[in-house]
Number of protein chains: 2
Amino acid sequence: MGRNVSGAAKRATIIDVARQARVSISTVSRVLNERPVADQELVVRVRAAADELGYRPNAVARDFRRGRTTSIGVVVPDLANPFFTHVLKGLANDVRAGEHRLLVVDSGEDPEEEIQLVEQLAERCDGMVLCSPRMSRAHLQAVAGLDIPVICTNRSVAGLPLGTIGVDSAVGMAQAVTHLYELGHRHVGYLAGPQSSWSDARRREGLTSAAAACGMEVSVTVAGSASDAGFTRLPDLLREGVTGVLAFNDLVAVGALARLRELEVAVPGDLSVVGFDDIPVAAFLGPPLTTVSVPKEDLGRAAWAMLRQQMQDGEVASEQWLPSALVVRQSTAPHPKRLQSGAGRRDGRRAAR
Amino acid sequence: MGRNVSGAAKRATIIDVARQARVSISTVSRVLNERPVADQELVVRVRAAADELGYRPNAVARDFRRGRTTSIGVVVPDLANPFFTHVLKGLANDVRAGEHRLLVVDSGEDPEEEIQLVEQLAERCDGMVLCSPRMSRAHLQAVAGLDIPVICTNRSVAGLPLGTIGVDSAVGMAQAVTHLYELGHRHVGYLAGPQSSWSDARRREGLTSAAAACGMEVSVTVAGSASDAGFTRLPDLLREGVTGVLAFNDLVAVGALARLRELEVAVPGDLSVVGFDDIPVAAFLGPPLTTVSVPKEDLGRAAWAMLRQQMQDGEVASEQWLPSALVVRQSTAPHPKRLQSGAGRRDGRRAAR
DNA sequence: TTCCGCTCAGAAAACGTTATCTGACAGCCT
DNA sequence: AGGCTGTCAGATAACGTTTTCTGAGCGGAA
């Protein structure tokens with residue numbers, strides 16, 4: 001069945017089915033694509049023949065002929081980063097509902113690799129979503145010239161005909177800063193993200209302007225996007241005498257927390273820590289992390305909605321910004337020197353008392 | 001350039017290039033695929049024409065004609081699970097080196113969805129890697145009938161012509177059990193994984209047989225693969241009176257740790273916890289998690305090596321098992337009732353004394 | 001009865017490549 | 001000088017579909 005004597009499986013084509021069913025290939029195509037066929041007898045014969053031969057249509061041939069692939073491509077800087085995987089979840093859930101499938105590729109945070117992948121993938125997709133692209137503006141422009149709609153997340157592309165959807169990190173950052181200010185902190189540190197990250201620029205911007213507004217001092221050290229960076233760079237800020245630390249993202253905050261534990265600095269007793277993204281483990285850390293929550297799934301959903309619209313209506317490049325909001329958990333508390341009372345609901349295990 | 005008056009970009013084909021360069025399409029194809037062309041003049045003309053028209057070959061047409069896609073598909077139950085993303089990293093790094101690209105899809109832990117995705121993706125790939133497939137054996141058999149090589153990770157497929165590569169979790173589990181036994185624990189609990197998980201079955205098996213070997217009591221409760229499951233189910237084990245807990249994976253352990261913190265049970269002072277997988281945050285937790293380390297990147301690399309071999313040599317279904325090993329950190333300590341001395345290097349903050 | 005129009009399945013064209021085949025021309029040997 | 005061999009680029013045949021075109025058959029209206 002479907003295999004010839006040599007053992008090398010020779011795959012049945014639509015022609016074989018047609019021959020077997022004693023109809024034309026047009027009829028086979030019609031039956032298999034559920035287009036109206038008058039004679040039910042033919043339908044039955046075709047179905048039987050296809051079954052018998054184990055026929056499965058050649059998807060590449062079909063895509064080729066149809067000129068579309070029913071695939072949506074997603075390019076992500078780093079699949080190991082929980083932030084992206086949650087954006088993906090949002091995307092996947094909604095895409096799955098339709099007739100499209102999602103193809104994901106990881107660019108490894110490499111801008112050159114990224115543009116290459118995008119160009120290759122674009123050839124095989126009906127539309128694409130670029131998550132926080134690291135590539136240069138020039139490359140982005142090249143992407144805009146591709147002949148499929150592309151949505152860009154977390155990156156402003158002023159002037160380029162690309163749908164954009166991102167997180168307004170300024171609000172969340174401002175909330176975080178105000179939160180620390182109200183707790184009495186007057187000098188905070190920022191564990192910055194990768195230099196190529198547009199989001200980091202926005203977060204840093206939001207942080208400095210909010211801090212300036214309430215007259216707080218800010219120290220910055222460049223970390224990265226992974227935990228070990230937070231672990232390594234945290235002491236830089238401690239040396240500066242900060243009493244609160246804001247991290248580029250939760251992963252970095254996790255590293256910072258670990259270092260603080262090692263240094264026996266109590267959180268939040270001696271130092272407050274704020275993350276960003278609100279990844280799942282954030283709520284399970286010790287202490288549960290105060291962080292800026294970002295609607296990651298919504299981001300994915302919105303990207304798909306926008307992409308679908310562009311695929312239908314032709315070219316409609318729009319822009320959309322989703323809110324971020326502070327989630328207060330237990331890694332932040334009053335500045336010990338100013339408001340000594342009630343120093344934390346559950347202070348670190350060796351609060352200096 | 002490449003756009004007609006209507007504004008709808010009409011894409012240049014190889015025929016347009018040939019016409020513009022005043023050569024045959026065969027020559028264009030030869031030049032662009034870097035096959036030998038004697039007359040350098042022609043090469044120059046073709047290159048120029050292609051440039052001018054902004055020609056990019058239609059990848060789908062090429063794949064169709066060539067009968068292969070230079071794409072490798074990977075199917076993963078849940079991209080949000082760090083374990084899989086690390087397997088992916090290993091795969092991606094090595095695949096990237098060659099001329100293939102990696103296409104990843106997430107099945108959402110749904111066996112039915114999974115088989116569908118696999119069948120669709122298989123049509124568009126030269127080979128596939130199935131990570132910890134949740135599908136039934138019957139479906140796996142269908143997969144084995146596909147006409148591209150497929151590698152299966154973390155799932156034994158006895159009798160099926162599928163390359164298999166997995167983690168020998170029995171050793172690691174045995175080490176973990178012995179470790180707890182030597183610390184004086186005599187009754188441990190297991191926070192089990194998803195029922196459809198073959199890995200969970202293996203881990204549970206390894207756990208119970210090792211425990212039986214040294215005469216330990218084991219209580220089991222079914223959790224799942226995410227942190228909230230660990231958080232929710234942990235009390236079941238506490239009620240059974242266990243003094244050590246082994247989790248299906250680190251994510252579940254994270255949830256368990258959080259619940260213990262909330263219940264003010266000191267880890268490792270009052271209770272020891274062991275995870276599985278050794279995901280990055282494991283080392284950064286409070287306390288740093290004792291866990292069974294699995295060579296995730298190696299798993300990906302090995303899968304690619306095996307897949308590549310199968311793609312070259314034709315059908316060679318083999319089997320390979322990678323070791324797992326206990327990594328002792330600070331979430332395990334002597335059973336308090338038996339060996340009171342040195343009750344933990346850094347005990348939980350409110351040890352009941 | 002004749003012709004028009006409609007329905008429906010088969011025939012054939014197209015999609016954009018790559019791979020095979022063909023034929024022209026040049027060089028060499030006899 | 002004639003013929004044989006080899007080289008190289010152009011012509012053309014696939015690849016497996018979907019879609020458009022064609023023509024046969026039939027029913028109804030003039």
Side-chain angles (χ1 to χ4, degrees), chain A residues 2 8-47 49-50 53-71 99 120 122-124 126 147-148, chain B residues 2 8-47 49-50 53-71 99 120 122-124 126 147-148:
Chain A
K10 179 63 182 171
R11 197 168 154 172
T13 76
I14 198 174
I15 301 182
D16 301 322
V17 178
R19 196 175 303 140
Q20 171 101 358
R22 302 177 155 276
V23 296
S24 69
I25 59 173
S26 330
T27 301
V28 176
S29 176
R30 278 191 273 259
V31 169
L32 266 32
N33 288 293
E34 277 157 356
R35 258 193 290 277
V37 170
D39 191 343
Q40 286 309 91
E41 161 69 11
L42 295 189
V43 174
V44 172
R45 287 226 303 274
V46 169
R47 288 252 148 76
L53 296 174
Y55 170 71
R56 280 174 306 121
N58 179 326
V60 178
R62 169 160 42 195
D63 288 351
F64 166 52
R65 173 65 236 228
R66 284 192 176 151
R68 62 207 178 79
T69 61
T70 58
S71 296
E99 59 164 0
Q120 287 178 17
E123 288 293 316
R124 299 173 165 80
D126 298 344
D147 31 26
I148 58 167
Chain B
K10 180 61 184 171
R11 198 167 153 172
T13 76
I14 198 173
I15 300 182
D16 302 321
V17 177
R19 196 175 303 140
Q20 171 100 359
R22 304 177 154 275
V23 296
S24 70
I25 59 173
S26 327
T27 302
V28 176
S29 177
R30 277 191 273 258
V31 170
L32 267 32
N33 288 292
E34 277 156 357
R35 259 192 289 277
V37 169
D39 190 343
Q40 284 311 92
E41 161 70 10
L42 295 189
V43 174
V44 172
R45 287 226 302 274
V46 168
R47 289 253 147 76
L53 296 174
Y55 170 71
R56 280 173 309 121
N58 179 326
V60 178
R62 169 162 41 198
D63 288 351
F64 167 50
R65 174 63 237 228
R66 284 193 176 148
R68 61 206 181 81
T69 61
T70 59
S71 296
E99 59 163 1
Q120 287 178 17
E123 288 293 316
R124 299 173 165 80
D126 298 343
D147 30 26
I148 58 168

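Proteins come first, then strands; the chains are lettered A, B, ... in the order of their sequence lines, and each starts at number 1. Because only heavy atoms are used, hydrogens play no part in the values below, and waters and symmetry mates are left out as well, while side chains stay in. All figures in this text were calculated on a predicted structure; none of them were measured in a lab.
The CD1 atom of I25(A) sits 8.0 Å away from the OG atom of S29(A) when rounded to the nearest 0.5 Å. Between L53(B) atom CG and R19(B) atom CZ the span is 10.0 Å, to the nearest 0.5 Å.
Residues L42(A) and V31(A) are not in side-chain contact: their nearest non-hydrogen atoms beyond the backbone lie 4.5 Å or more apart. You'll find the side chain of V28(A) reaches within 4.5 Å of the side chain of V23(A), heavy atoms only. By the 4.5 Å heavy-atom criterion applied to side chains, I148(A) and D126(A) are not counted as neighbours. Two residues are said to be in side-chain contact when any heavy atoms from C-beta on lie closer than 4.5 Å; R62(B) and N33(B) meet this criterion.
Residue S29(A) is classed as a base contact, given a heavy-atom separation below 4.0 Å to a base. At a threshold of 4.0 angstrom between heavy atoms, the contacts of S26(B) include nucleobase atoms, whether or not backbone atoms are also involved. Backbone-only contact: D39(B) has heavy atoms under 4.0 Å from sugar-phosphate atoms and none from a base. Counting non-hydrogen atoms under 4.0 angstrom, D63(A) reaches nothing in the nucleic acid. Across all strands, R35(B) comes closer than 4.0 Å only to sugar-phosphate atoms, never to a base (heavy-atom distances). Among the protein residues, P57(A) comes within range of the sugar-phosphate backbone only, with heavy atoms under 4.0 Å from sugar or phosphate atoms but none that close to a base.
No donor-acceptor pair closer than 3.5 Å links the side chain of R56(B) to the backbone N or O of R11(B). Side-chain atoms of R30(B) do not come within 3.5 Å of backbone N or O of R35(B) as any donor-acceptor pair. Using a distance-only test at 3.5 Å, with no hydrogens or angles considered, no donor-acceptor pair links the side chain of T69(A) to the main chain of D63(A). With hydrogens and angles ignored, the 3.5 Å screen pairs a side-chain donor or acceptor of R45(B) with a backbone N or O of R22(B).
Positionally, the nearest nucleotide of DNA chain C for V23(A) lies more toward the 5' end than for the other of I14(B) and V23(A). Map A38(B) and R65(B) each onto its nearest nucleotide of DNA chain D; the residue landing nearer the 5' end is A38(B).
Note that the first and last nucleotides of DNA chain D, 5' to 3', having any atom under 4.0 angstrom from a heavy atom of chain B are dC8(D) to dG16(D). Think of the region where chain A sits on DNA chain C: with heavy atoms and a 4.0 Å cut, that region ends 5' and 3' at dC8(C) to dG16(C).
Between T27(A) and S24(A), the side chains place a donor N or O and an acceptor N or O closer than 3.5 Å (distance only, hydrogens not considered).
Annotation: the terminal axes of the helix from dT1(C)-dA30(D) to dT30(C)-dA1(D) meet at 70°, where each axis is the rotation carrying the C1' atoms of four end pairs onto the next four (5 pairs per end, rounded to 10°).
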